[in-house]
Amino acid sequence: MVSLFVKNMVCPRCIMAVKDELDQLQIPYSRVELGKITLPKSLDIPEIQRLADSLRDRGFELLEERKSTLVSQIKTLLIEQIQHSEELLTENYSNFISERLHHEYTYLSKLFSQEEGITIEKYIIRLKMERVKELIFYKEKSLSEIATLLGYNSVAYLSAQFKKEIGMTISAFKRQTALGRNSLDEL
């Protein structure tokens with residue numbers, strides 16, 4: 001088995017798009033998941049180039065450099081945990097990342113900061129705030145449930161971080177979202 005790593009895969013639709021490209025190129029695969037393609041055998045250089053070009057046309061990037069691959073894996077782990085999981089993480093993110101990627105967290109943190117220009121902690125906060133906005137917009141959970149799901153000790157702390165990161169209170173965001181929905185309903 002051979003693994004290829006793909007940058008910018010962030011949702012289930014991305015998985016489907018990559019599978020479509022593999023099928024169109026008639027490249028057999030064992031599994032496609034966020035950020036990773038598992039192939040039964042290695043590809044030759046022309047096949048890799050065709051795949052890289054095809055993925056680039058869809059907004060993805062085939063990663064070859066080990067450092068970029070690690071950064072992509074960190075992002076994928078965090079996106080899966082924060083955006084797509086309903087399970088509360090029971091360990092801290094540093095342990096979660098280092099255990100799954102089999103590297104010291106200090107190395108991964110430094111690498112991530114060098115490659116992305118922000119810390120892993122800041123990236124986690126950004127992902128959490130996007131998840132909060134999504135859950136508020138779709139009115140799927142109460143603020144208390146959202147705070148618990150994302151590992152905040154209180155709604156007050158979640159609200160303070162939301163205001164700091166998004167630049168408005170949760171109430172203001174709810175009002176703005178309600179206005180947007182009303183104008184959509186008028187169409």
[X] atom [atom1]: more than 12 heavy-atom contacts under 6.0 Å:
{"X": "Q114", "atom1": "CD", "result": "yes"}
{"X": "E87", "atom1": "CD", "result": "no"}
{"X": "Y107", "atom1": "OH", "result": "yes"}

Show me the donor-acceptor pairs within less than 3.5 Å that the side chains of residues 27-48 make with the rest of the protein, sequence neighbours left out.
{"residue": "D44", "atom": "OD1", "partner": "E47", "partner atom": "N", "Å": "2.9"}
{"residue": "E47", "atom": "OE1", "partner": "D44", "partner atom": "N", "Å": "3.0"}

Nearest atoms (heavy-atom pairs only) where [X] meets [Y]:
{"X": "M129", "Y": "F162", "value": "SD-CA, 3.5 Å"}
{"X": "S113", "Y": "T119", "value": "OG-CA, 3.6 Å"}
{"X": "S98", "Y": "L108", "value": "CA-CD1, 4.1 Å"}

Backbone N/O of [Y] and side chain of [X]: donor-acceptor pair under 3.5 Å:
{"X": "T148", "Y": "S144", "answer": "yes"}
{"X": "Q83", "Y": "L127", "answer": "yes"}
{"X": "H84", "Y": "P12", "answer": "no"}
{"X": "E145", "Y": "S142", "answer": "yes"}
{"X": "Q81", "Y": "L88", "answer": "no"}

[X] side chain near [Y] side chain, heavy-atom distance below 4.5 Å:
{"X": "E91", "Y": "L89", "result": "yes"}
{"X": "T76", "Y": "M9", "result": "no"}
{"X": "L143", "Y": "K174", "result": "yes"}
{"X": "F173", "Y": "S171", "result": "no"}

Can you check side chain to side chain contact (heavy atoms under 4.5 Å, CB included) on Y93 and I120, steps first, answer last? CA-CA 9 Å; Y93 282 101; I120 291 175; 5.8 Å; no
Q49-D53 side chain donor-acceptor pair, cut-off 3.5 Å: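 Checked: Q49/D53 side chains pair up, N/O donor to acceptor below 3.5 Å.
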Q161 side chain to Y152 side chain, donor-acceptor N/O pair below 3.5 angstrom: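 Yes, Y152 and Q161 have a side-chain donor paired with an acceptor closer than 3.5 Å.
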Could you walk me through whether E86 and K141 pass the salt bridge (Lys or Arg N to Asp or Glu O under 4.0 Å) test, one step at a time? CA-CA 11 Å; E86 291 293 321; K141 298 189 181 304; 3.4 Å; yes
Nearest 0.5 angstrom please: [X] [atom1] to [Y] [atom2], how far?
{"X": "R56", "Y": "L51", "atom1": "CZ", "atom2": "CG", "result": "10.0 Å"}
{"X": "I97", "Y": "E104", "atom1": "CD1", "atom2": "CD", "result": "13.0 Å"}
{"X": "R58", "Y": "C14", "atom1": "CZ", "atom2": "SG", "result": "10.0 Å"}

Is I118 linked to I124 within one hydrophobic cluster, defined over Ile, Leu, Val, Met, Phe, Trp and Tyr using a side-chain heavy-atom separation of less than 4.5 Å?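 Yes; tracing contacts between hydrophobic side chains, which count when under 4.5 Å, links both residues.
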Would K122 and E165 count as a side chain to side chain contact (heavy atoms under 4.5 Å, CB included) here? Give the steps. CA-CA 10 Å; K122 186 71 169 172; E165 294 298 318; 2.9 Å; yes
